[in-house]
Amino acid sequence: MIRKINVTALIILGMTLLHSCSDKKAENLQSVLTKKESQTSGMLIGEKGFESAKLDYLIAHDYIKALYIIDKEEAEFNRIITDIEKIDTEGIKNGKEVKQAAVNYYVVLKELFMFSRKEIEQEKLMRYSKDEKVIRAAQDKMLELGREKQQLYQKVFKADEKLFTIQRQFESENQLK
């Protein structure tokens, strides 16, 4: 009889420990995603962020430095994506799904912000070319790029919406917030 109680107590203790570890892992995953979101916001819309610096260089027509900023931005996006991919989601309810949705979101967001390279190249042609045909072709290309960029915005919107939905499910499943 006492032996059955001890075995039952051990099973209950084991289940409790397993459950509490899972909660900690879920909290850690949520914390990392929140940190990456904040990091991305600072990088993109912060006063001293990459986008602000890139805009300053574009206003000054310093395309080389603007392209350099895009390179730095790309490296930061790559770091964010890699950090999320490294997160262990084993044993977390909806962990794998929220992690994949976050990776997909940041990959599409990176595509959108790296698209500036194409626009800057055309802007350089329009500004420094003396050949009217080259200028006209660059203007036409800018119109085409505008349509492509709109499609990228739609992809970002869809990825953001999916991430938001999956995060809410994740939080609900793991009793977070």
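Not measured: the values here are computed from a predicted model.
Not a single donor-acceptor pair under 3.5 Å links the side chain of Asn94 to the backbone N or O of Ile166.
When all heavy atoms of Ser52 and Glu47 are compared, the closest pair comes out as OG-O, 3.1 Å. In plain terms, the two heavy atoms of Ala53 and Ile69 that are nearest each other are CB-CD1, 4.1 Å. Phe77 and Tyr106 get closest at one heavy-atom pair: CD2-O, 4.1 Å. Closest heavy-atom contact between Ala138 and Met126: CB-CG, 3.5 Å. Counting all heavy atoms, side chain and backbone alike, Ser129 lies closest to Asp131 at OG-N, 3.2 Å.
Residue Tyr128 is not grouped with residue Ile135 when hydrophobic side chains (ILVMFWY) are merged at heavy-atom distances under 4.5 angstrom, including chains of intermediate members. Cluster annotation: Ile120 and Leu125 are assigned to distinct hydrophobic clusters (Ile/Leu/Val/Met/Phe/Trp/Tyr, side-chain heavy-atom contacts under 4.5 Å, transitive). One hydrophobic cluster holds both Phe115 and Leu67 under the rule that ILVMFWY side chains link at heavy-atom gaps under 4.5 Å. Taking hydrophobic clusters as Ile, Leu, Val, Met, Phe, Trp and Tyr residues chained together by side-chain heavy-atom distances below 4.5 Å, Leu176 shares a cluster with Ile92. Both Ile45 and Leu163 belong to a common hydrophobic cluster when Ile, Leu, Val, Met, Phe, Trp and Tyr are linked at side-chain heavy-atom distances under 4.5 angstrom.
Here side-chain hydrogen bond (donor to acceptor under 3.5 Å, both in side chains) pairs that include residues 37-46, with residues two or more places apart or in two chains, are Lys36-Gln39, Gln39-Glu76.
For the residue pair Glu74 / Asn78, no side-chain donor-acceptor distance below 3.5 Å is found, with atom types taken as modelled.
Shown here is Ile64, whose CD1 atom has no more than 12 heavy atoms of other residues, nucleotides or ligands within 6.0 Å. Lys149 NZ: more than 12 foreign heavy atoms inside a 6.0 Å radius. Within a 6.0 Å radius of CG in Leu55, more than 12 heavy atoms belonging to other residues, nucleotides or ligands are found. Arg136 CZ: 12 or fewer foreign heavy atoms inside a 6.0 Å radius.
Atom NZ of Lys25 is separated from atom OG1 of Thr89 by 7.5 Å, given to the nearest 0.5 angstrom. Here the CG atom belonging to Asn174 is positioned 13.0 Å from the NZ atom belonging to Lys24, to the nearest 0.5 angstrom. Between the CZ atom of Phe170 and the CD atom of Glu97 there is a distance of 10.0 Å, given to the nearest 0.5 Å. A distance of 9.5 Å separates CG of Asp88 from CG of Asn28, quoted to the nearest 0.5 Å. Rounded to the nearest 0.5 Å, atoms CG (Asn104) and CD1 (Ile81) are 9.5 Å apart. Between the CD1 atom of Ile70 and the OH atom of Tyr63 there is a distance of 12.0 Å, given to the nearest 0.5 Å.
Between Arg79 and Thr82 there is no side-chain heavy-atom pair separated by less than 4.5 Å. Annotation: side chain of Arg117 is in contact with side chain of Asp71 (closest heavy-atom distance under 4.5 Å). The shortest distance between side-chain heavy atoms of Gln169 and Lys93 does not fall below 4.5 Å. Side-chain atoms of Glu51 and Glu73, non-hydrogen and from C-beta on, do get closer than 4.5 Å to each other. With contacts defined as side-chain heavy-atom distances shorter than 4.5 Å, the pair Tyr153/Gln151 does not qualify. Annotation: side chain of Gln139 is not in contact with side chain of Met142 (no heavy-atom distance under 4.5 Å). Side-chain atoms of Leu44 and Leu109, non-hydrogen and from C-beta on, do get closer than 4.5 Å to each other.
Scanning for salt bridge (charged side-chain N to carboxylate O under 4.0 Å, His left out) contacts around Asp56 gives an empty result, with sequence neighbours left out. Applying the salt bridge (charged side-chain N to carboxylate O under 4.0 Å, His left out) rule to Asp160 yields no partners; only residues at least two apart in sequence or on another chain are considered. Legend: residues meeting salt bridge (charged side-chain N to carboxylate O under 4.0 Å, His left out) with Glu161, ordered by chain and number and at least two apart, are absent. For Glu144, the salt bridge (charged side-chain N to carboxylate O under 4.0 Å, His left out) criterion is met by Lys141, not counting sequence neighbours.
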TODO: Go through the steps for Glu148 and Leu145 under the test side-chain contact (heavy atoms from CB on, under 4.5 Å), then give the verdict.
DONE: CA-CA 5 Å; Glu148 287 179 39; Leu145 291 175; 4.2 Å; yes
Open item on the list: Walk me through whether Gln150 and Gln154 qualify under side-chain contact (heavy atoms from CB on, under 4.5 Å).
Closed with: CA-CA 6 Å; Gln150 182 60 37; Gln154 290 301 317; 3.4 Å; yes
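Between Lys124 and Glu121 a salt bridge is recorded (basic side-chain N to carboxylate O distance below 4.0 Å).
Applying the 4.5 Å side-chain rule to ILVMFWY residues, one finds that Phe164 remains a lone member of its cluster.
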